[in-house]
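Since the structure is predicted, the reported quantities are computational estimates derived from the model, not experimental observations. Order of the sequence lines fixes the chain letters, A, B, ..., with proteins taken first and strands second; residue numbering starts at 1 for each chain.
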Amino acid sequence: MSDLAIRNLFIIPTITFLIVFNIFPLLYSLGYSFTDFRASTNAPAKFVGLDNYKFLLNDEFIWRNFTITAKYVIISVSGQVIVGFGMAMLLNRDIPLKGLITTLLMLPMMLSMAVVGLFWKLLYDPSFGIINYGLGLGKFEWLADPDVALYAVALTDIWMWSPFVMLLSLAGLSAVPKHLYEAAEIDRAGSFYTFTRITLPLVAPILMIAIIFRTMEAFKTFDLAYILSSQPTTELIAIRLYKMAFLEWQTGQSSAFAYIVLIMVVAITNLYVKYLNKVKER
Amino acid sequence: MAGIRTRREVFFNRAAIAGVMVALFIMLVPIYWIASTAFKPRNLATTIPPTVLFTPEVSPFVKLFTKRSQLRDPVSQEIYDAAPWWEQMVFDGGQKVVRSNKGVVRRSGYGQRFVNSLIIAITSTFLAVSMGTLTAYGFSRFKVKGEDDWLFFILSTRMLPPVVVAIPMFLMYRLVGLHDTHVGLIILYTAFNLSFSVWLMKGFIDEIPREYEEAALVDGYTRMQAFFKIVLPEAMTGIAATAVFCFITAWNEYAFALIMTNRRAQTAPPFIPSQVGSGLPDWTVIAAGTFLFLLPVAIFTFLLRNHLLRGMSFGAIRK
């Protein structure tokens with residue numbers, strides 16, 4: 001076989017597959033987003049133009065969902081970066097059994113988010129949860145109190161995904177050339193100086209990648225929050241979208257909503273990638 | 001590491017070890033709690049103070065796999081004595097195992113859901129990793145017009161929230177009859193993991209020197225033979241790491257499984273929460289289901305752990 005034939009044989013099936021299962025459905029739902037259609041009935045779709053979009057963009061509840069999501073993303077991602085990077089700094093020394101400890105620390109991220117959500121309900125339980133018992137909080141309501149519930153969901157997310165940030169940070173830290181630290185030591189640089197001038201700038205690009213991944217995932221969060229709490233204050237965009245599409249069966253309207261979310265994701269990703277390139281250039 | 005250490009360094013190292021221990025404790029307590037609850041009798045699952053020491057039981061697992069109903073009247077001694085040991089455990093929990101009129105034990109849906117999860121996760125991981133490896137090789141070794149654009153397109157398929165894609169996929173699947181089938185979920189998870197697999201594998205294959213294959217080509221190998229006999233073995237670490245990640249994603253996926261399946265092809269993640277129902281949930285059964293569900297991932301990761309840590313840092317440093 002010629003090289004060209006092999007190249008096509010290796011690449012074309014994947015590209016075709018991804019186009020069929022990504023682009024095609026999206027075009028399909030773009031069409032539905034301009035219609036009044038319910039997938040639960042057999043009534044044909046009725047073209048309504050931009051009505052769905054107008055309705056959604058004027059709906060204050062949708063904007064509340066976006067605000068909640070933004071808050072959630074900021075809390076959980078910053079928590080993960082602090083905890084994950086902190087753990088990586090601790091592990092980046094002569095620690096006995098380092099490999100085993102790292103593997104054990106990764107256990108939370110191997111679990112299913114749905115199952116984690118379910119189980120943390122037990123841990124958060126006001127009467128017999130071990131969190132309240134361990135912290136001596138008495139009957140503190142983690143999930144039933146609307147003001148606290150979002151933080152409780154974010155806390156679970158931090159527990160689950162800090163190891164991911166830790167793993168990437170650890171890879172970044174171990175790639176910092178040792179001679180830089182030796183040089184700093186000879187110059188009698190303080191540990192704060194060494195950290196801010198050597199460690200942080202060199203780890204920044206990889207930390208940024210971890211932040212991008214976690215932001216994208218947190219923005220998409222559905223299972224964890226959906227199972228942990230049913231408070232209106234924890235209704236993230238993905239949950240609202242799920243309810244609209246599969247519980248209320250507003251197929252046309254939810255397609256339009258999905259498109260609004262899609263545009264936001266693309267915009268946020270672009271911002272991030274630009275920032276990442278900036279960090280890399282330095 | 002340096003042979004001579006200052007007192008300051010020794011102090012910092014000890015502090016770091018103490019810190020790691022605290023982190024390890026906090027991260028592992030919830031997991032220990034799941035694992036231990038899976039072996040508790042029901043009345044010890046929700047006690048205050050929490051029960052740490054107890055005699056482990058397998059009753060949660062018996063309950064997990066059987067259909068049960070509440071005991072209305074206490075069981076008579078004769079029935080109790082005549083029942084097998086595992087059924088006696090269920091009696092002690094205030095429940096009885098449901099039998100069909102032929103006396104056959106009725107099983108819960110968990111076993112079937114677990115098997116569905118295995119079939120779907122293994123097949124889609126295999127497909128995503130093998131297609132991803134081939135495509136990555138194609139991009140790595142041959143000239144492709146607009147290579148960066150194609151690679152970005154492949155990555156972008158991963159950026160969408162699953163729920164966004166789920167609406168059109170649901171309509172399409174219903175149209176072509178893939179709704180609630182194994183094949184349907186396998187295709188979805190493969191598409192989902194493929195982008196990741198291509199990106200990760202490209203990093204690994206880029207690292208393998210081209211000279212290896214060129215030498216093989218000079219020796220009279222064909223391109224295909226060079227790929228399978230030279231490149232593939234070299235890429236094994238990357239393949240293992242990619243497979244672990246794809247498997248974890250497919251195994252744990254919840255949203256699509258919830259939307260795209262209802263009976264025949266449902267996997268375990270939507271099934272376990274559905275057992276909570278109304279009233280007081282039996283946490284020991286949920287813990288048993290969770291514990292069993294964690295095992296395949298834990299075993300798979302443990303077997304490939306060396307590849308995983310190396311593979312992860314490899315891919316991460318380069319990009």
Taking the side chain from A/Ser29 and the backbone from B/Pro168, do they hold a donor-acceptor pair closer than 3.5 Å? no

Answer key: most heavy-atom pairs under 4.5 Å with chain B among A/Met216, A/Met110, A/Glu217 is A/Met110

The interface call for A/Thr221 against chain B, heavy-atom contacts under 4.5 Å, is neither

From the list A/Phe119, A/Tyr242, A/Phe257, A/Tyr259, the residue making the most non-hydrogen contacts under 4.5 Å with chain B is A/Phe119

Cut-off 4.5 Å, heavy atoms of chain B, and the answer for A/Leu9 is side chain

Turns out that what part of A/Asn22 lies under 4.5 Å from chain B's heavy atoms comes down to side chain

Can you give each donor-acceptor pair under 3.5 Å made by side-chain atoms of residues 13-21 of chain A, sequence neighbours left out, with the distance rounded to 0.1 Å?
residue: A/Thr14; atom: OG1; partner: B/Thr135; partner atom: OG1; Å: 2.5
residue: A/Thr16; atom: OG1; partner: A/Ile12; partner atom: O; Å: 2.5

*asked:* For A/Phe10 together with B/Phe227, are the ring centres under 6.0 Å from each other?
replied: yes

Of all heavy-atom pairs linking A/Ala258 and B/Val164, the shortest is CB-CG1, 3.6 Å

* Is the side chain of A/Asp223 donor-acceptor paired with the backbone N or O of B/Ala255 at a distance under 3.5 Å, no angle test? -> no

For A/Tyr32, the ring pair (Phe, Tyr, Trp, His ring centres under 6.0 Å) test, sequence neighbours excluded, returns A/Tyr28, A/Phe37

Smallest heavy-atom separation, A/Ala114 atom then B/Pro269 atom, equals CB-O, 4.2 Å

Ranked by heavy-atom pairs below 4.5 Å to chain B, first place among A/Leu118, A/Leu30, A/Ile23 goes to A/Leu118

If one checks every heavy atom of A/Phe222 against chain B at 4.5 Å, the contacting part turns out to be side chain

**Item:** Mutual orientation of the aromatic rings belonging to B/Phe170 and A/Phe246 [parallel < 30°, tilted 30-60°, perpendicular > 60°]
**Value:** perpendicular

Are the side chain of A/Arg7 and the backbone N or O of B/Lys143 linked by a donor-acceptor pair below 3.5 Å? yes

Bottom line for A/Tyr226: the part with an atom under 4.5 Å from chain B's heavy atoms is side chain

Okay, A/Ile227 and chain B: the region with an atom under 4.5 Å from a heavy atom over there is side chain

Looking only at atom types and distance, does a side-chain atom of A/Trp159 sit under 3.5 Å from a main-chain N or O of B/Met27, one as donor and one as acceptor?
yes

